[in-house]
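Reading through the structure tokens given below for one structure.
The figures here come from the full heavy-atom set of this structure, side chains too, leaving out hydrogens, waters and symmetry mates. Read the numbers this way: they start at 1 and go in the same order the structure lists the ligands and their atoms. All of these numbers come straight from a predicted model, not from anything done at the bench.
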Amino acid sequence: MSKVKDPSLAGEGRLKIEWAESRMPVLMKLRSMNKRERPLKGIRIGACLHVTKETAVLVETLVAAGAEVFLAGSNPLSTQDDVAAALAAAGVNVFAWRGLTEKEYYWCLEKVIEGGPNITLDDGADLVSTIHSKHDNILNQVLGGTEETTTGVLRLRAMSKEGKLRYPIIAVNDAETKSDFDNVYGTGQSSIDGIIRATNILFAGKNVVVAGYGHCGRGISKNARGLGANVIVTEIDPIRALRARMDGYLVMSMNEAAKIGDIFITATGNKNVITSEHFRQMKDGAILANAGHFNVEFSIADLRSIAKSRRLIRENNEEFVLEDGKRLYALAEGRLVNLAAAEGHPSEVMDMSFANQFLSVLWMLKEGKNMKPEVYSVPRSQDEQVARLKLESMGIKIDILTAEQERYLSSWREGT
Ligand code: ADE
């Protein structure tokens with residue numbers, strides 16, 4: 001069963017999925033290693049993920065390993081309708097289309113929950129929180145889940161701290177082969193890709209203000225500088241602020257940055273980082289984009305309330321005219337610009353993120369019964385396995401410690 005925008009788009013979606021497969025060698029290798037034994041036979045997986053060509057490769061890997069998958073999108077604007085159609089045509093239970101309302105978004109989650117998941121895959125923790133708050137009757141059939149993103153892990157840790165989490169979660173986001181690559185290089189490239197698709201502006205010579213210098217902010221800053229922009233970072237964490245400064249960026253408060261920025265990109269995971277106080281100080285023509293999970297980082301509500309008029313100037317680019325005639329441009333309604341205005345992270349990094357998802361599902365299947373309802377890190381051995389498979393696919397060989405070196409590293413006896 002499925003509900004997608006237009007089933008006739010399946011052919012186009014299938015071509016996109018095949019393209020992604022050709023760039024995701026690690027996940028494809030895991031697929032071929034598991035398709036004969038089908039370790040997930042009889043397992044129902046409920047997933048709330050961005051419905052992209054890369055997600056399709058993950059879903060079809062889970063299906064090849066025997067699972068039945070129920071999939072909803074994890075953001076109203078991130079679903080690629082052709083990919084959703086292709087998955088539906090292949091028999092996956094997909095409930096997703098681009099541009100759904102909040103009510104429809106939760107309807108899709110309900111459909112996934114109706115599937116009766118044994119394992120959940122979440123990106124942002126909406127599926128886990130809906131199951132816990134509205135469907136606690138199914139909790140005993142859920143073995144555990146995984147979480148893909150920083151914001152989701154934060155929410156789940158908060159649930160766990162309050163004693164509200166009822167099944168174990170593996171924080172895929174925190175694997176090094178996920179956050180050091182997907183969050184940095186993936187967000188870094190795809191956010192700028194989204195801004196360029198929505199505006200076609202030149203980055204060279206612009207003042208780009210990046211709010212937040214975590215993994216995502218670091219990637220965005222690096223890519224913006226690579227295009228010739230002058231990058232300004234705003235932070236609340238003194239260590240991250242120092243890191244940004246020593247990486248060669250200007251660091252200042254948002255109040256100062258608001259006056260000189262040409263493009264503002266939020267990547268904080270927090271709300272109200274840019275509000276009307278800042279909008280009023282901005283230059284005519286300033287562009288606002290969000291790379292964080294939720295559409296709360298720059299206040300679109302504030303922007304709507306202080307604007308005297310607004311119009312869509314081109315796809316994913318809305319012009320707001322303030323009382324004094326100043327024009328500000330908000331991209332993709334403040335939703336994550338990389339997925340709403342572009343195609344999300346490139347397949348090459350999602351390869352590692354989703355290899356971690358797949359291996360975490362297998363781990364959950366094996367160990368879930370013995371795990372506590374807490375948030376778990378990906379085991380180091382899994383992280384290293386993903387890195388080794390990725391290196392192998394790239395034809396890169398690395399050195400191996402000699403027995404003497406291993407002994408040296410684990411001993412305190414040798415010194416000056
Ligand atoms: N999150 C960011 N980019 C993504 C992609 N390409 N597919 C799924 N989830 C994503």
Rounded distance (nearest 0.5 Å) linking atom CG of L288 with atom CD of E318: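 The CG atom of L288 sits 11.5 Å away from the CD atom of E318.
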Stacked cation flag K271 on F298, 6.0 angstrom / 45 deg: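 No, K271 and F298 do not form such a contact.
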Side-chain H-bond candidate by donor/acceptor type, Q80 with T52, under 3.5 Å: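 T52 and Q80 do not have a side-chain donor-acceptor pair below 3.5 Å.
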Any donor-acceptor N/O pair, N118 side chain to V142 backbone, under 3.5 Å: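 No, the answer is negative, given that no donor and acceptor are paired below the 3.5 Å cut-off.
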Parallel, tilted or perpendicular, as decided by the 30° and 60° cut-offs, for the rings of H50 and H293: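 Ring orientation, 0 to 90° scale: tilted.
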Aromatic ring proximity, centroids under 6.0 angstrom, H345 and Y185: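 Distance test on ring centres: not under 6.0 Å, no.
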Near ligand 1, at a heavy-atom separation below 4.0 Å: residues by chain and residue number: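 Correct list: H50, T52, E54, T55, L339, E343, G344, H345, M350, F354.
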